[in-house]
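To start, I am sharing the structure in question, which I have written as structure tokens.
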Amino acid sequence: MTDTLIFDADWLTPEQIQMDGKTINYLAAHDIQYVQHPVAPIQRLNVFVPAAYENGGTVNGYTRDTAPIFMPNTVGGYFPGPADDPTRTQWPNNAATIKQALKRGYVVIAAGLRGHTTVNEAGQRVGQAPAFIVDMKAAVRYVKYNQARLPGNVERIITNGTSAGGATSALMGASGNAKFFEGALTSLGAAPATDDIFAVSAYCPIHNLEHADMAYEWQFNGINDWNRSQPVAGSMKNGRPKFESITGTLSANDQSLSADLKRQFCDYLNGLQLHDANGQALTVSPDGTGTFQNYLVQLLTDSAQSALDKGVDIHKYAGFTVTNGKVTGLDLKAYLTSLTRMKAVPAFDQLDLGSLENRLFGDATVLNRHFTSFSQEHTTVPAQLAETELVEAVNPLTYLTGKQSAKIAQHWRIRHGAADRDTSFAIPIILATVLQNQGQDVDFALPWDIPHSGDYDLGELFAWIDGLCQ
């Protein structure tokens with residue numbers, strides 16, 4: 001039955017691209033079905049291999065058999081993430097990332113993943129949670145099943161993604177072989193293989209959704225003006241919409257809800273029993289202060305110092321004190337005020353079911369659902385609440401905190417820009433700290449003046465991968 005999932009090396013054909021005035025030669029196989037029973041056309045993947053491996057050559061010290069397998073995704077906003085290509089120009093794409101990865105000697109395998117707007121041939125919705133992660137797991141299983149036929153080292157699979165794609169990458173690293181997804185994988189006819197991976201690269205992962213509203217209000221409570229960009233209806237060009245700026249101010253009721261969520265975050269954070277590298281407990285007091293907040297201040301101070309050392313004027317943002325070339329203090333409230341709040345209350349599980357995350361937790365018959373009891377209790381529209389087991393299943397922390405068993409990736413690189421307002425700084429800090437507390441290898445930073453984005457430091461990313469794989 002699994003013969004339809006066998007990769008044929010004859011599918012690889014020569015292609016080339018130009019980058020920085022130089023030609024990169026590679027082999028490519030496109031549009032490969034990675035499950036036996038796909039429910040949507042997007043469930044296909046592309047394979048790209050440095051051409052040198054065809055004749056036993058080496059690239060960057062790697063051979064056909066030792067090259068890392070780099071698996072980027074194009075998921076954003078939990079929309080469908082089409083299979084990427086180094087020649088792809090339509091949004092979304094990470095073509096530049098794939099080019100650099102090929103130049104570095106990596107085998108690149110880019111899978112298409114369903115999202116909340118995906119429908120089947122009958123027009124039925126088939127892309128709500130947990131479809132995105134089920135597809136990613138199925139793609140990894142396809143790769144491992146074909147380990148004797150595909151170039152690259154299946155023991156060195158590294159996922160990469162940004163925003164919801166960063167969450168996809170992180171969830172892959174946390175939930176290796178988790179039983180929750182077996183039924184869906186079996187239904188699709190996924191290859192009989194494992195789906196645990198070696199390493200994770202996650203940029204600004206929008207994850208831990210059932211606690212993200214609390215974390216956002218812990219950070220922005222008391223800052224009542226918000227501003228953000230939103231797509232303009234009917235403005236799509238080359239697959240990407242134009243955006244317009246909108247602003248608002250929290251109402252008195254919004255401010256009351258913000259205070260409630262902030263209090264809930266204190267209970268959640270303290271229950272995690274986190275500690276820093278020196279063994280100091282990271283906690284939050286009822287007023288939001290405490291050692292966890294101090295840790296955030298230190299991370300932001302380190303980020304500012306790094307920028308200052310490079311000659312950057314860090315006073316683009318308020319709150320920093322600089323003495324003799326050293327960042328000696330940070331007024332966090334002043335910094336956050338100058339950064340500005342992006343989202344109203346709640347930030348993710350919106351009371352009118354208006355967020356992309358609300359749609360993620362819909363199903364075949366219900367377009368949007370709440371995914372927190374808080375928003376269900378305060379909903380302003382008739383609403384259903386998503387199953388707790390489903391919400392937890394797509395949260396990396398579920399596996400990292402032992403609520404469900406899984407094989408966890410050994411190596412993690414997490415980046416969340418110091419100017420990112422899409423989710424609270426607390427969310428990636430919690431992820432990184434839980435991993436560190438468990439003894440995983442974690443490279444975590446808040447890069448200076450970087451907004452919600454990814455793949456902005458490919459040289460550093462690939463140097464990290466080489467450090468693990470060479």
Side-chain angles (χ1 to χ4, degrees), residues 39-40 75 77-80 113-120 124-138 164 167-168 170-188 190 195 205-216 260-261 264-265 267-268 271-272 346-406 423 427 430-431 434:
V39 295
V75 173
Y78 291 101
F79 284 100
L113 311 180
R114 287 173 291 164
H116 55 72
T117 59
T118 303
V119 295
N120 62 16
Q124 299 168 319
R125 291 190 296 275
V126 293
Q128 286 90 350
F132 70 98
I133 191 63
V134 170
D135 285 356
M136 191 70 210
K137 285 177 173 289
T168 304
L171 184 54
M172 279 301 302
S175 67
N177 312 321
K179 291 182 179 180
F180 179 88
F181 306 102
E182 285 298 334
L185 287 162
T186 299
S187 178
L188 288 174
D195 56 59
I206 297 292
H207 71 289
N208 199 355
L209 295 173
E210 62 266 47
H211 303 108
D213 291 332
M214 306 174 191
Y216 206 81
D260 289 344
L261 285 165
Q264 289 187 15
F265 176 76
D267 293 336
Y268 167 64
L272 292 173
F348 295 92
D349 192 358
Q350 295 179 1
L351 303 186
D352 63 357
L353 295 174
S355 75
L356 299 178
E357 290 77 18
N358 289 131
R359 180 165 289 196
L360 173 68
F361 289 106
D363 59 26
T365 59
V366 178
L367 182 61
N368 305 324
R369 292 193 293 179
H370 286 306
F371 49 91
T372 66
S373 57
F374 182 90
S375 289
Q376 182 69 19
E377 292 168 3
H378 294 87
T379 189
T380 58
V381 295
Q384 296 181 13
L385 181 63
E387 298 85 356
T388 299
E389 186 180 21
L390 170 62
V391 178
E392 290 182 344
V394 296
N395 181 356
L397 272 295
T398 295
Y399 309 94
L400 301 180
T401 56
K403 286 186 177 180
Q404 293 187 31
S405 62
T423 194
I427 293 299
I430 289 169
L431 175 62
V434 168

Query - Side-chain donor-acceptor pair present, Ser405, Lys179, cut-off under 3.5 Å - result: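 There is no such pair between these side chains.
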**Report entry** Minimum side-chain heavy-atom gap Asn208-Pro396 below 4.5 Å
**Finding:**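 They are not in contact (no side-chain heavy atoms under 4.5 Å apart), so the answer is no.
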Query raised in the report: How close do Leu400 and Ala174 get, heavy atom to heavy atom, and via which atoms?
Result: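 Looking at all heavy atoms of both residues, the closest pair is CD2-CB, 3.9 Å.
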Report task. Specify the closest pair of heavy atoms between Ile427 and Ala212, including all atoms of both residues, with the distance to one decimal. Result ->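 Closest approach of Ile427 to Ala212, heavy atoms only: CD1-CA, 4.0 Å.
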Query raised in the report: Residues in salt bridge (charged side-chain N to carboxylate O under 4.0 Å, His left out) with Glu389, at least two apart?
Result: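 So Glu389 forms no salt bridge (charged side-chain N to carboxylate O under 4.0 Å, His left out) with any residue.
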Query raised in the report: Hey, does the side chain of Thr398 reach the backbone of Glu392 with a donor-acceptor pair shorter than 3.5 angstrom?
Result: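 Indeed, once roles are kept as given, a pair shorter than 3.5 Å links the two residues.
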Query raised in the report: For the atom pair CD (Gln350) and CG (Asn368), what is the distance rounded to the nearest 0.5 Å?
Result: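 Rounded to the nearest 0.5 Å, the CD-CG separation comes out at 10.0 Å.
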Query raised in the report: Side chains of Leu185 and Asp195: closer than 4.5 Å at any heavy-atom pair?
Result: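 When only atoms from C-beta onward are counted, Asp195 and Leu185 do touch, with a gap below 4.5 Å.
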Query raised in the report: How far apart are the C-alpha atoms of Arg359 and Thr117, what are their side-chain angles, what is the distance that settles it, and do they pass the side-chain contact (heavy atoms from CB on, under 4.5 Å) test?
Result: CA-CA 8 Å; Arg359 180 165 289 196; Thr117 59; 4.2 Å; yes
Query raised in the report: Side chain of Asp352, backbone of Val381: donor and acceptor closer than 3.5 Å?
Result: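 No; judged by distance alone, with no hydrogens or angles, the pair does not exist.
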Query raised in the report: Counting distance only, does the side-chain N/O of Ser187 pair as donor-acceptor with the main-chain N or O of Gly183 below 3.5 Å?
Result: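 Such a contact is absent between Ser187 side chain and Gly183 backbone.
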Query raised in the report: Looking only at heavy atoms, what is the nearest atom pair of Ala167 and Pro205, with distance?
Result: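 So the minimum-distance heavy-atom pair works out to N-CB, 3.5 Å.
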Query raised in the report: Passes side-chain contact (heavy atoms from CB on, under 4.5 Å), Leu209 versus Val391? Steps please.
Result: CA-CA 8 Å; Leu209 295 173; Val391 178; 5.6 Å; no
Report task. With the side chain counted from C-beta on, respond yes when Val394 and Tyr78 share a heavy-atom pair under 4.5 Å apart, and no when they do not. Result ->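 They are not in contact (no side-chain heavy atoms under 4.5 Å apart), so the answer is no.
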Query - Polar side-chain atom of Asp213 near backbone of Phe348 as donor-acceptor pair, under 3.5 Å - result: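 Yes, the answer is positive, given that a donor and an acceptor are paired below the 3.5 Å cut-off.
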Query - Leu113 side, atom CG; Thr118 side, atom OG1 - distance, nearest 0.5 Å - result: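 Atom-to-atom, Leu113:CG and Thr118:OG1 are 9.5 Å apart.
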Query raised in the report: Is the shortest heavy-atom distance from the side chain of His207 to the side chain of Leu397 under 4.5 Å?
Result: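 With C-beta onward as the side chain, the pair touches.
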Requested in this report: Compare all side-chain heavy atoms of Glu387 with those of Arg369 and state whether any distance is below 4.5 angstrom.
Outcome: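 Touching, per the 4.5 Å side-chain cut-off.
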Requested in this report: If the plane angle is over 60° it's perpendicular, under 30° parallel, otherwise tilted; pick one for Phe371 and Phe361.
Outcome: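 Tilted: the ring planes of Phe371 and Phe361 meet at 30° to 60°.
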Query raised in the report: Between Ala393 and Leu171, what is the shortest heavy-atom contact and its length?
Result: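 The answer is O-CD1, 3.8 Å.
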Requested in this report: Nearest 0.5 Å please: distance from the CG atom of Leu353 over to the OG1 atom of Thr380.
Outcome: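 The distance works out to 7.5 Å.
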Requested in this report: Name the orientation class of the two ring planes belonging to His116 and Phe79 (parallel below 30°, tilted from 30 to 60°, perpendicular beyond 60°).
Outcome: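 Correct class here is tilted.
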Query - Separation between CG of Asn358 and CG of Leu351, rounded to the nearest 0.5 Å - result: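 The distance works out to 9.0 Å.
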Requested in this report: Calculate, to the nearest 0.5 Å, the distance between atoms NZ and OG1 belonging to Lys137 and Thr168 respectively.
Outcome: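 Going from NZ on Lys137 over to OG1 on Thr168, the span is 11.5 Å.
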Query - Side-chain heavy-atom pair Phe374, His378 within 4.5 angstrom cut-off - result: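 Result yes, sub-4.5 Å side-chain heavy-atom pair found.
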Query raised in the report: About how many Å separate CG of Leu272 and CG of Asp267, when rounded to the nearest 0.5 Å?
Result: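 Taking CG in Asp267 and CG in Leu272, the distance rounds to 11.0 Å.
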Query raised in the report: Is His370 close to Gln384 at the side-chain level, that is, under 4.5 Å between some pair of heavy atoms?
Result: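 Heavy-atom side-chain distance check fails, nothing below 4.5 Å.
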Report task. Check Asn395, Thr372, Thr388 against Glu210 for a side-chain hydrogen bond (donor to acceptor under 3.5 Å, both in side chains) and give me the one that passes. Result ->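 Testing each of Asn395, Thr372, Thr388 against Glu210, the sole residue satisfying side-chain hydrogen bond (donor to acceptor under 3.5 Å, both in side chains) is Asn395.
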Query raised in the report: Any side-chain heavy atom of Arg114 within less than 4.5 Å of one from Phe132?
Result: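 SC-SC contact between Arg114 and Phe132 ruled out.
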